[in-house]
Amino acid sequence: MIYVEALPAYDGDCLWVEWTHRGAFRRMVIDGGRGTVLLDRLRSLPIDDRHVDLIVCTHIDVDHIEGLITLFARLPAGFSVGEVWFNGHRHLTRDVTGPRQGERLEMLLDKAGVPWNAAFGGSAVVVPDRAEPPIVRLAGLTLTLLAPDWDALARLDAFWPEAMADLIEPLQGRRRLVDDDATRSLTELAGEAYTPDKSPANGSSIAFIAEHEHGGRVLFTGDSPAEALLRGLRRLAGQRRVPVDLCKVPHHGSARNLSAELVSTLDCSHWLFSTSGARHGHPDRRAVARIVAQAPRSLLVFNYHSLTTAAYADDVEADRHGFRALFPPSGLQGITVRVTVGQVDMAGSRRPML
């Protein structure tokens with residue numbers, strides 16, 4: 001089984017993932033969210049239990065990378081990591097002769113001397129042209145890379161100076177505390193036209209399926225656009241539907257990253273939303289509507305009670321549209337779920353001891 005803990009990382013992603021292998025727990029972290037939530041989570045562990053097998057920084061947006069910068073700038077005692085996946089500026093072109101510009105996380109990783117993109121020979125974490133998705137095996141867990149491809153990294157390369165400016169001083173004027181479509185029904189919104197996300201940063205997101213050796217598959221999407229995920233899924237399975245037991249909804253439930261086509265391509269009935277709704281008003285009701293319409297009787301899992309998720313706690317709304325919702329225990333933020341074949345359920349704030 002796989003345990004996925006969506007830490008309360010404000011509007012960002014910080015996913016703490018654990019699984020069992022030969023009677024012991026292994027650990028992976030995907031993104032760092034904002035603030036010190038990841039650092040605090042590590043410090044909550046005994047000093048001799050602070051090893052992470054893999055840390056993945058899906059892309060450079062501040063709500064994913066800030067907590068990782070904080071972690072590597074303030075390494076806690078006893079911390080170690082088997083490998084880091086992160087596409088820095090040096091990885092954005094096929095010329096891998098050396099770095100062209102050192103940015104904050106790149107410099108911190110170099111300073112820490114941790115294995116960086118080692119599974120990819122130190123080059124980019126990328127799906128090669130016209131090739132099957134790369135497969136990386138950890139102890140007890142198989143990771144199948146779906147995105148990004150070289151075109152996505154090239155677009156980020158051209159966008160890099162602007163991306164760095166956004167990372168240092170996030171753009172203002174995008175704050176949406178309540179979705180504009182809050183008063184419209186999910187049935188109505190499901191028919192809304194889909195407009196894709198064109199952000200080069202989001203398009204460069206590392207996305208992959210994690211499959212446990214004894215079953216349980218989770219799709220981790222970062223902020224990938226639906227089109228990037230569909231390309232990866234079709235390389236993996238052609239036109240067949242791809243079964244996953246849990247999908248971390250891309251870009252916190254943005255309507256520009258979750259198309260009806262993507263939902264229908266997945267054979268999935270459990271969907272995880274990682275966001276407080278701050279700044280951008282995620283999840284967008286149009287994204288939720290597409291899930292409800294294309295994957296009936298789904299379980300929607302939220303890591304926050306917030307203005308943007310409150311409607312889905314309404315039993316009348318859930319019954320009307322045929323979904324179920326799972327929230328953190330009353331008064332708490334962040335949620336942990338246990339993923340097995342065909343099933344996702346609450347696992348408390350921490351996974352049990354073996």
Side-chain angles (χ1 to χ4, degrees), residues 1-7 13-33 37-60 64-65 67-88 90-91 96 104-127 133-146 205-214 216-220 222 248 336 339 350-351 353-354:
M1 63 185 65
I2 304 173
Y3 293 87
V4 180
E5 182 178 356
L7 291 166
D13 274 359
C14 185
L15 305 176
W16 183 278
V17 183
E18 295 189 340
W19 66 96
T20 53
H21 176 65
R22 295 182 179 176
F25 274 97
R26 314 298 295 229
R27 183 176 296 140
M28 169 171 60
V29 170
I30 305 171
D31 292 325
V37 62
L38 176 56
L39 183 61
D40 294 342
R41 181 68 174 87
L42 278 161
R43 286 176 172 169
S44 73
L45 299 175
I47 198 168
D48 60 352
D49 186 27
R50 294 179 177 177
H51 178 74
V52 179
D53 293 85
L54 174 65
I55 292 178
V56 179
C57 180
T58 62
H59 64 298
I60 60 173
H64 294 252
I65 198 172
L68 293 173
I69 292 173
T70 300
L71 169 63
F72 282 98
R74 300 160 59 182
L75 292 173
F79 170 78
S80 61
V81 59
E83 182 176 351
V84 174
W85 290 3
F86 168 59
N87 287 329
R90 68 189 68 181
H91 300 110
V96 293
R104 182 64 171 151
L105 183 55
E106 292 184 76
M107 291 186 291
L108 289 168
L109 292 176
D110 285 338
K111 182 179 179 180
V114 299
W116 181 5
N117 292 3
F120 297 84
S123 185
V125 179
V126 66
V127 179
I135 293 175
V136 176
R137 289 182 172 84
L138 306 179
L141 201 69
T142 299
L143 309 182
T144 303
L145 187 70
L146 300 179
S205 287
I206 296 171
F208 57 93
I209 293 174
E211 182 171 8
H212 190 259
E213 60 186 347
H214 298 307
R217 304 179 92 210
V218 182
L219 173 55
F220 294 105
K248 200 288 294 185
T336 305
V339 182
R350 295 290 185 271
R351 46 80 169 167
M353 298 298 293
L354 288 176

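Positions are given from 1 along the sequence.
Within the 4.5 Å cutoff, the side chain of Pro76 has heavy atoms near those of the Leu71 side chain. Residues His212 and Thr20 have side chains in contact (heavy-atom distance under 4.5 Å, counting atoms from C-beta outward).
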Practice item. Just do the side-chain contact (heavy atoms from CB on, under 4.5 Å) check on Phe86 and Ile206 with the steps written out, would you? Key: CA-CA 8 Å; Phe86 168 59; Ile206 296 171; 5.9 Å; no

Exercise for review: Start with the C-alpha gap between Phe120 and Val136, add the side-chain angles, then the distance that decides, and say whether side-chain contact (heavy atoms from CB on, under 4.5 Å) holds.
Suggested key: CA-CA 9 Å; Phe120 297 84; Val136 176; 4.0 Å; yes

Review point. Between Glu106 and His91, does a side-chain contact (heavy atoms from CB on, under 4.5 Å) hold up when you go through it step by step?
Key: CA-CA 11 Å; Glu106 292 184 76; His91 300 110; 5.6 Å; no

Check your understanding: Can Leu42 and Val52 be said to form a side-chain contact (heavy atoms from CB on, under 4.5 Å), step by step?
Key -> CA-CA 9 Å; Leu42 278 161; Val52 179; 4.2 Å; yes

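Leu105 approaches Cys57 most closely through the heavy-atom pair CD2-SG, 4.1 Å. The minimum heavy-atom distance linking His21 with Arg26 is given by the pair CB-CG, 4.1 Å. Taking both residues in full, the closest heavy atoms of Arg50 and Gly78 are given as CB-O, 3.7 Å, listed atom of the first, atom of the second, then distance. The minimum heavy-atom distance between Ala210 and Leu143, with the atom names listed, is CB-CD2, 3.6 Å. Heavy atoms only, all atoms of each residue included: Ile209 and Leu219 are closest at CG1-CD1, 3.8 Å. Contact record, Val127 with Pro133: CG1-CA, 4.4 Å, taken as the closest heavy-atom pair.
The distance from the CG atom of Leu38 to the CG atom of Asp31 is 10.0 Å, given to the nearest 0.5 Å. Note: Leu15 CG to His64 NE2 = 9.0 Å, rounded to the nearest 0.5 Å. In this structure, CG in Leu75 is found 11.0 Å from OG1 in Thr70, a value given to the nearest 0.5 Å. Taken to the nearest 0.5 Å, the CD1 atom of Ile69 stands 9.0 Å off from the CE atom of Met107. Rounding to the nearest 0.5 Å places OG1 of Thr142 at 9.5 Å from CZ of Arg217. Going from atom CG of Leu138 over to atom CD of Glu213 covers 11.0 Å, rounded to the nearest 0.5 Å.
Aromatic ring pairs are classed by plane angle as parallel below 30°, tilted from 30° to 60° and perpendicular above 60°; the pair Trp85 and Phe208 is perpendicular.
For His214 (side chain) and Gly140 (main-chain N/O), no donor-acceptor pair under 3.5 Å exists by modelled atom type. Between the side chain of Asp13 and the backbone N or O of Ile30, no donor-acceptor pair lies under 3.5 Å. The closest donor-acceptor contact from the side chain of Glu83 to the backbone of Ala118 lies under 3.5 Å. Judged by distance alone, the side chain of Arg27 and the main-chain N or O of Asp49 form a donor-acceptor pair under 3.5 Å. At least one donor-acceptor pair under 3.5 Å links the side chain of Trp19 to the backbone N or O of Ala139. A distance-only check finds no donor-acceptor pair linking the side chain of Asp53 to the backbone of Met28 [under 3.5 Å].
One finds a salt bridge joining Asp110 and Arg90 here, because a Lys/Arg side-chain nitrogen approaches an Asp/Glu carboxylate oxygen to under 4.0 Å.
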